[in-house]
Engineer: 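Before we start, here is the structure in question, set down as C-alpha cells.
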Amino acid sequence: MSAYDPKKIEEKWNKKWLKEKVFKASDDSSKPKYYQLETFPYPSAAGLHMGHPKGYTAEDIHARYMRMRGYEVLYTMGWDAFGLPTENYAIKVGKNPKEIALANTDNFRRQVQMFGFSYDWDREIDTSSPEYYKWTQWLFIQLYKKGLAYRAEARVNWCPKDQTVLANEQVIDGKCERCGTEIEERNMEQWFFKITDYADRLLTDLKGLDWPSATIKRQEDWIGKSEGAEIDFELNLPRPKMDLVFATNNQGKFKRMQKLFAAAGLGITLKMPKEIGIANFDVVEDGKTIAENAGKKARALANLTDLPVFADDTGFFIAGEEIDPVTVKRNALGGADEKALTVEQIAEKMQVYYKAIATARGGKVDAEWRQALCFITPEKAVVHEEAVRPVVLTDERHGTLDPSLPLRGLYIPKITGKYPSEETEEEELLELKSLMEAIQRLFTPAIKIFTTRPDTLFGATYLVLAPEHPFVDGCIKQKAISNLDEVAAYVKVSSHKTDRMRQEDVKDKTGVELKGVRAINPVTKEEIPIWVADYVLGSYGTGAIMAVPAHDERDFEFAKKFGLPIRKAVVPKPLIPGVPVVGAAMGGAAPELRVEEELWEGRGDLINSGEFTGMDSEKAKAEIVAFAGGKMKTQYKLRDWSVSRQRYWGVPIPMIHCPKDGIVPVPESELPVILPDLENYRPQGMPPLAGSPAFINVKCPQCGGDAKRDAETLDTFVDSSWYFLRYPDPHNDGEIFDKKKAAHWMPVDLYVIGAEHTVLHLLYSRFITKFLHDEGYVSFVEPFTRLKHQGLIMAADGQKMSKSKGNVVNPDEIVAEFGADVTRMYLMFIGPFDDATPWDAKGILGVERFLKRFWKYCTGASEAKDVATVPSAKNALHRTIKKVGEDIEAFKFNTAISALMIFLNEAELATPPAKEDLSALVKIIHPFAPHMAQELWSFMGNHGYLDFEPWPAYDPALIAQEKITIVFQVNGKTKDTVSVDAAIKEDAAKEMALASEKIRFAIAAAGRSDAQSPKRIIYVDKKLVNIVI
RNA sequence: GCCCGGGUGGCGGAAUGGCAGACGCAAUGGACUCAAAAUCCAUCGAUCGCAAGGUCAUGAGGGUUCGACUCCCUCCUCGGGCACCA
C-alpha cells in the first residue's frame, strides 16, 4: 500500500458520492428520520471563509454518525442568493446581479463539494430562483390576507449609500449592518409584518427548547416583555361639552342610553344618526368579537360625519369563549323557526347552548357580561373601551345551575338581581357603573402613562411626554400653553434628532415644561407639572411616563437638573423586621427629600403612600393600580418587522396598487411575479423596479383598470425565514410544501448557525412557523429543536479575519496543501466547537501527522515497536468507541479527536490489530475523515459505503476490565497513586492506602510519628482514599 | 450603566468537587542521514534539592469542604450583547 495521498483519494470519493447520489434522503424510509440543518450561505464573491467549513464539518460528522446509527438523515445545502452585497458588487463591476450570483453559487458549490459534505444535492435550493420565490410571494399574500402584512407610514432607518430602508435589527451602532454607513431617519410608507401579534408566544415557546441558554436569553431580551400598568392622570382642564352620535337605528336602545348619559352627568348630548341628517345607517354585524362589531358600526358612521361617534355591542364571555347573543341565538335555535317558539323556549335553548359551551370548556359556567364601546374622535382617532361584569347562569333567579332542573332565566345580573327590562333607570345605571366610569374616563382630559412601578405612584411628582406625543402637538395647535414658542422649538429640535443622537445624550437630559397645564396625581390628588423631554420615547408604551425621581435614576437626574420635587414612596426593607433602615425617612412629616439623598430603585416597604403605607411594594402594585383606576398592562419592546427594501436584487412584493380598489394582492395563480431584467437597476432615489414601465404597469385584478405593481422588494430575511420548510419538498410547484412531507421531516432536529444569527433569523423563522401553524400547514410551533453555534475562526493574530487586514486563510489553499480530511479534522481539533479560536498554521501539522500515522497503522505499514509491550489494544479500542460516540453527540469534537490520538499512541506500541478491531477503528474515524476512512475500508476488501455500516458497539465489560488508577491522599494532598483492578472494594482500597510506604511516610512527616489512628478516612469509589489526620 | 460568556504552561486547549496541564503545536537534546527534509526516541509549569523528595502554582483576595480550575462572596480584566423601553 502506498503512502497517504489525500488529493487522489478525496477526488475519487467525492466524485463517487456525487455520481451515485449516496446521500439522497428518502421520504419514505422505514428508518427513523433525522433532519439536520445549517445556515445556508450567502454566496459572496469572496468565496467560503473558514467559518463555513467549521460549522459544516461539525454537521457532516454528526450526519454521518447518525446515518451509522440507523437514521435516515435529511442533510441539505442551498443558497441565500438575494441581497445587497451581490447587487452592490454587480454595480461595481458593471454586471448583472443574477450573473454575479450564479458565478458565486457555482464557486461555493465547488468549494463545499471539495470538503465532501454528505448533502442530498437533489434538494439544493436557491432563494433567487422563481421556483423558490414564488412561495416567498405566496407567503406574503397569506400574511396579508390575515392582516399580518400591512402598510404604514413609519419612521425608518435609511441607508443613504445603499439607498434603502433597514430593519432596526440591521442597524448596528447607528450604522448600516452591511456597508457601515451612518443611518438617516425618514418617514416613509412601508410594508410591515405584524410580528408583535406573536410576541407572547415567541416568548413562552422558548421554554423547553434545547438551545444555548444565552441564545434563549437574547431572544427574551429582544422581545422585552414588561409587566406594568396604564394609569390615567387627569388634567386640570374643564371637561368639554359635546355632541356625540350614537351609531344605532334602534330607538329603544338609543333612549335607554341617552338617559344613562344624562344621569351620569357627563355633559354629553347623545344624538341619533337621523338627527344629524344621516338617514340610511346600516352595518352588518359580522365581526369576530363584540369589540370588532362596535368598531365596525362606529367606523361606518364616522365616515359620514365630523362629529365624534360612539357605538356599542354586547355579548358574553363564557368559559373563555366570546359569543354575542345574536350568534348564540342563531346557533341555539339550530335552524328552528323563531316565530314558532315562545320567549321562554328561546331562552331555554340559549341557556342549553351556553351550558354546552361551558361544559365543553371544562365544566365551568361562570361567565362575564361585556359591553364593548368604540369612540371615534373628529380627528378619527379610535378608542376602544370595555365594561365587564360577572354573571351567573341560573335556573332560578338566585340559584346555581343544576342540569337536572328545568331551565328558566337567561342570566341574572349580579347587582340588582333583575332582568334588564325590570330595572329602574337608577338600577340600570348601577349595573352599568363600570361602563359609565369608562365613558367618563374617555371624556375627561387625561394623559395615559405606562409604568412598571405603580407601587411608587405616591412619589410621582411630574409627568413627562415624548416630543411626538399627540397631546404636545395639541397644546401647540390649540395654543393651550403659555410658553408656546419654547415648546414648539424643543419639539422641532428633537424631531431632527435620530434615535441614535438621542441616545448619545443619556447623561445630559433636556426638556421643557408645558406651562399653564397641569396633571393630577390620581392618588395624592396633587397638581403636578407636565414636561416634554426626549428621554421619553414616543414609540414605547403610551409615549408618556409618570416621573418618580426618588425611585428611577433617569427621573432623578432630570429632577435634579430642573429642580423638580423628589418624594420617596418606598424604603428598603429593614434587615431586622421592625427596625427601620437608618437614614430612611422616619416619623411622618418631611416627605420631600433633599437632592443629595440617594435614590432607591429596589423593592421595599411603602412610605408616604396613604392607606398603602407599610405595605410591601411588590404586593401593593395591583392594589394601587386599582385604587388609581388604572389597569395592568403588558408591554413588549419588540416592534413590527419592516420588510420593504427599495432595491432591485430581491423578491418583488406581489401586490398591486389600484387607484380604485386600493391595495390588491396578485392572484395566486399568477405567481411568481418575476423579477425582470433591467437596463438600469441602480437605485436613484426610487426603487429600481419603479423605473420599468413594462413591470410596473398592470391591470387591477379586481376592477381591470390601470394599476401599478408594488416596486419594492422584500428584505432577504423573509427568504431565509422559511427555507427549512422547503427542503422536505423542494420541487413542489403546486404548493409551498406537501404537508405530509413537512410533517415527516420537520421540525429540524439539529440546527447549527453562527452566533450572529441568534436574534433576527431565529425570531423571524419562529414567527413564520407559528403563522403556518395557525394556518394549518404544520402541526408544530417551534421549527428548531436543538441549536448549536459555531465559534469564529480567527486569524493567527487573534483578530477577526478580514480582507483589509490581509490575514485571511483561504480554504482552497489549505485543502490544496493538506487535503480536505486534514482540514476538516483540524477545524474540529482546534478548540471547543462554540469557542472562537485562532487559526494556527503550524497546528494543522499535528493533525496531518496523525492521519498519516493512522493510515500507516491501518495499512499494516507500521511495525510493532520493541520499546514496550502492551498486550492488546482491544480494551482501549472499546473505551475509544464509547468516548468518540458520546463526544460527537455532545458536539465535543476536539476531545473526540484527542481520544482517537490517544488510542493510536497506545495501539502503535501494541501487537498488530485483529481485522475486526481495525474495521471498528476505521468506522469511528469515518465521520471525521470520511475520504480516508472510505479508502481504507475499500482497501481492507470491503464493498459499499461506510455511512451505512452500523456504528460499532462497545463492550462495557471490556471497558470495566481495564485497570484503574486510584489515588491515596493525606489531608487532601496526593501522596501515592496505584493501579488497581476496577472492581476494587472500599475496605481493600483503604487497607492498601494505609499499607502504602509513601502514605506512612507522609503521615510521619506531618508530625504524627506517634502513629495515632487517622481522624477520618474518606473513600470515593474508584477514585481515591483520603486519610485525614 | 445593565445583561451574558471567558481568564489554566511559550501557544491552542484538557479536567465541572477527587492525580491540574490530557491531546496537539512550538522548543530543547538525541537517533537515522554525507547532508537536509520526513520519521522515530527523550525532555518539556515555576522553584529548592546530587537525589529521594519538598514547596508554590488555574486573573486577585476571601469563604465553604477531608479535598476547589470546578461551588459561594468581593474585586480586576478580556470578549460579546443591550443600551433613556419607564
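First the proteins, then the strands, lettered A, B, ... as listed; each starts at 1.
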Engineer: So, A:Ser617 versus A:Arg603: side-chain donor-acceptor pair below 3.5 Å or not?
Structural biologist: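 Their side chains do not contain a donor-acceptor pair, so the 3.5 Å distance test is not met.
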Engineer: Is B:G7 paired to anything, Watson-Crick or G-U wobble with both distances less than 3.5 Å, and if yes, which nucleotide?
Structural biologist: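 Matched B:G7 with B:C76 under the 3.5 Å cut-off.
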Engineer: For A:Cys858 and A:Leu921, work out which heavy atoms get closest and say how close.
Structural biologist: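 Scanning both residues completely, I find the closest heavy atoms to be SG-CD2, 4.3 Å.
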Engineer: Please report whether the ring centroid of A:Trp641 lies less than 6.0 Å from that of A:Phe192.
Structural biologist: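 Not close enough - the centres of the two rings lie 6.0 Å or further apart.
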Engineer: Would a line drawn from the ring center of A:Phe893 to the ring center of A:Phe829 be shorter than 6.0 Å?
Structural biologist: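 For A:Phe893 and A:Phe829, the ring centres are not under 6.0 Å apart.
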Engineer: Can you tell me, in whole Å, how much space there is between the P of B:C3 and that of B:C73?
Structural biologist: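 About 13 Å, rounded to a whole number of Å.
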Engineer: Is B:A46 paired to anything, Watson-Crick or G-U wobble with both distances less than 3.5 Å, and if yes, which nucleotide?
Structural biologist: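 Answer to the pairing question: B:U55, which forms a Watson-Crick or G-U pair with B:A46.
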Engineer: Would you measure the distance from the P atom in B:C78 across to the matching atom in B:C25 and give it in whole Å?
Structural biologist: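 That atom pair is separated by 32 Å.
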Engineer: Which part of the nucleic acid does A:Lys973 contact within heavy-atom distance under 4.0 Å: base, sugar-phosphate only, or nothing?
Structural biologist: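 Contact class for A:Lys973: sugar-phosphate only.
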Engineer: Which whole-number value in Å describes the distance from A:Arg1016 CZ to B:U65 P?
Structural biologist: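 Atom CZ in A:Arg1016 sits about 11 Å away from atom P in B:U65.
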Engineer: Please work out which of the three classes, parallel, tilted or perpendicular, describes the rings of A:Trp531 and A:Phe562, given edges at 30° and 60°.
Structural biologist: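 If you compare the ring of A:Phe562 with that of A:Trp531, the planes turn out tilted.
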Engineer: Which whole number of Å gives the distance between the P atom of B:G79 and that of B:G29?
Structural biologist: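 It comes out at 38 Å once rounded to the nearest Å.
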Engineer: Can you check the distance between B:A60 and B:G7, where both ends of the measurement are the P atom (answer in whole Å)?
Structural biologist: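 Straight-line distance between the two P atoms is 13 Å.
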Engineer: So what's B:G18 paired with, Watson-Crick or G-U wobble, going by both distances under 3.5 Å?
Structural biologist: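 Answer to the pairing question: B:C66, which forms a Watson-Crick or G-U pair with B:G18.
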Engineer: Specify the separation, in whole Å, of atom CG of A:Asp976 and atom P of B:G67.
Structural biologist: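 That distance rounds to 21 Å.
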Engineer: Rounded to the nearest Å, what distance is computed from the CE atom of residue A:Met794 to the C1' atom of nucleotide B:C78?
Structural biologist: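 So the CE-C1' distance, A:Met794 to B:C78, works out to 12 Å.
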Engineer: So, is A:Arg218 near the phosphate of B:G81, with a side-chain N or O under 4.0 Å from OP1 or OP2?
Structural biologist: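 Negative; the distance criterion is not met.
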Engineer: Find the distance A:Ile999:CD1 to B:G67:P and express it as a whole number of Å.
Structural biologist: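 Checked: the CD1 to P distance equals 16 Å.
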Engineer: Does a donor on one side chain and an acceptor on the other come within less than 3.5 Å for A:Thr39 and A:His757?
Structural biologist: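 A:His757 and A:Thr39 do not have a side-chain donor-acceptor pair below 3.5 Å.
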Engineer: Based on the glycosidic angle (syn within 90° of 0, else anti), state the conformation of B:G9.
Structural biologist: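 You should classify B:G9 as syn.
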Engineer: Using the C1' atom on both, measure B:A26 against B:U43 and round to a whole Å.
Structural biologist: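 These two C1' atoms come out 14 Å apart once rounded.
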Engineer: For atom P, what is the distance between B:A36 and B:A27, given to the nearest Å?
Structural biologist: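 That atom pair is separated by 16 Å.
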Engineer: Polar atom pairs between nucleotides 3-9 of chain B and protein, under 3.5 Å, N or O only, would you list them?
Structural biologist:
residue: B:C3; atom: O2'; partner: A:Lys217; partner atom: NZ; Å: 3.0

Engineer: If the threshold is 4.0 Å, N to carboxylate O, is there a salt bridge linking A:Arg453 and A:Asp455?
Structural biologist: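 So A:Arg453 pairs with A:Asp455 through a salt bridge.
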Engineer: List in chain and number order the residues that pass side-chain contact (heavy atoms from CB on, under 4.5 Å) with A:Val625, two or more places apart in sequence or in another chain; answer none if no residue qualifies.
Structural biologist: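 A:Val625 satisfies side-chain contact (heavy atoms from CB on, under 4.5 Å) with A:Ala229, A:Pro454, A:Met632 only.
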Engineer: Is A:Tyr535 near enough to B:A86 that one of its side-chain N or O atoms lies under 4.0 angstrom from OP1 or OP2?
Structural biologist: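 No.
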Engineer: Give a yes or no on whether A:Glu991 atom CD has more than 12 heavy-atom contacts from other residues, nucleotides or ligands under 6.0 Å away.
Structural biologist: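 Counting other residues, nucleotides and ligands, CD of A:Glu991 stays at 12 neighbours or fewer.
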Engineer: Counting only pairs under 3.5 Å, give me each side-chain donor-acceptor contact of residues 1021-1029 of chain A, with atom names and distances, residues two or more places apart or in other chains.
Structural biologist:
residue: A:Asp1021; atom: OD1; partner: A:Tyr1019; partner atom: OH; Å: 3.1
residue: A:Lys1022; atom: NZ; partner: A:Ala982; partner atom: O; Å: 3.3
residue: A:Asn1026; atom: OD1; partner: A:Asn971; partner atom: N; Å: 3.4
residue: A:Asn1026; atom: OD1; partner: A:Gly972; partner atom: N; Å: 2.9

Engineer: What does the B/S/- profile of nucleotides 13-29 of chain B look like, 5' to 3', with a 4.0 Å heavy-atom cutoff to protein?
Structural biologist: SSS--BBS-BBSSS---
Engineer: In Watson-Crick or G-U wobble terms, both distances under 3.5 Å, what is the partner of B:C23?
Structural biologist: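 Check on B:C23: paired to B:G12, both distances under 3.5 Å.
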Engineer: Taking a pair as Watson-Crick or G-U wobble with both distances under 3.5 Å, which nucleotide is matched to B:G1?
Structural biologist: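 Base partner found: B:C82.
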Engineer: Is it the case that the side chains of A:Asp821 and A:Tyr826 hold a donor-acceptor pair, with the cut-off being a distance below 3.5 Å and no angle test?
Structural biologist: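 Not at all, the side chains of A:Tyr826 and A:Asp821 share no donor-acceptor pair under 3.5 Å.
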Engineer: Using Watson-Crick or G-U wobble geometry with both distances under 3.5 Å, which nucleotide pairs with B:A35?
Structural biologist: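 Partner of B:A35: none found under 3.5 Å.
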Engineer: Taking the same atom, P, in B:U64 and in B:A15, what whole-Å distance lies between them?
Structural biologist: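 To the nearest whole Å, 29 Å.
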Engineer: Take atom CZ of A:Phe450 and atom P of B:A86, then tell me their distance rounded to the nearest Å.
Structural biologist: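 Going from CZ in A:Phe450 over to P in B:A86 covers 6 Å.
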Engineer: Taking the same atom, C1', in B:U77 and in B:G24, what whole-Å distance lies between them?
Structural biologist: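 Straight-line distance between the two C1' atoms is 28 Å.
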Engineer: Let me know the distance between OH of A:Tyr4 and P of B:A38, rounded to the nearest Å.
Structural biologist: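 Taking atom P of B:A38 as the reference, OH of A:Tyr4 is at 18 Å.
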Engineer: Could you tell me how far apart A:Leu465 (CG) and B:C84 (P) are, to the nearest whole angstrom?
Structural biologist: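 These atoms are roughly 19 Å apart.
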Engineer: Using side-chain contact (heavy atoms from CB on, under 4.5 Å) as the criterion, list what pairs up with A:Asp200, not counting sequence neighbours.
Structural biologist: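 A:Asp200: side-chain contact (heavy atoms from CB on, under 4.5 Å) contacts with A:Thr204, A:Lys225, A:Tyr636.
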Engineer: A:Ile1017 CD1 to B:G67 P: how many Å, rounded?
Structural biologist: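 Those two atoms, CD1 and P, are 16 Å apart.
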Engineer: Output one line per pair: protein atom, nucleotide atom from nucleotides 46-51 of chain B, and distance, for all N/O pairs under 3.5 Å.
Structural biologist:
none

Engineer: Could you tell me whether A:Lys882 and A:Glu886 have a side-chain N and a carboxylate O separated by less than 4.0 Å?
Structural biologist: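 The answer is yes: the pair qualifies as a salt bridge.
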Engineer: Would you say the side chains of A:Ser539 and A:Arg639 form a donor-acceptor pair under 3.5 Å?
Structural biologist: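 Side-chain D/A pair, A:Ser539 to A:Arg639: present.
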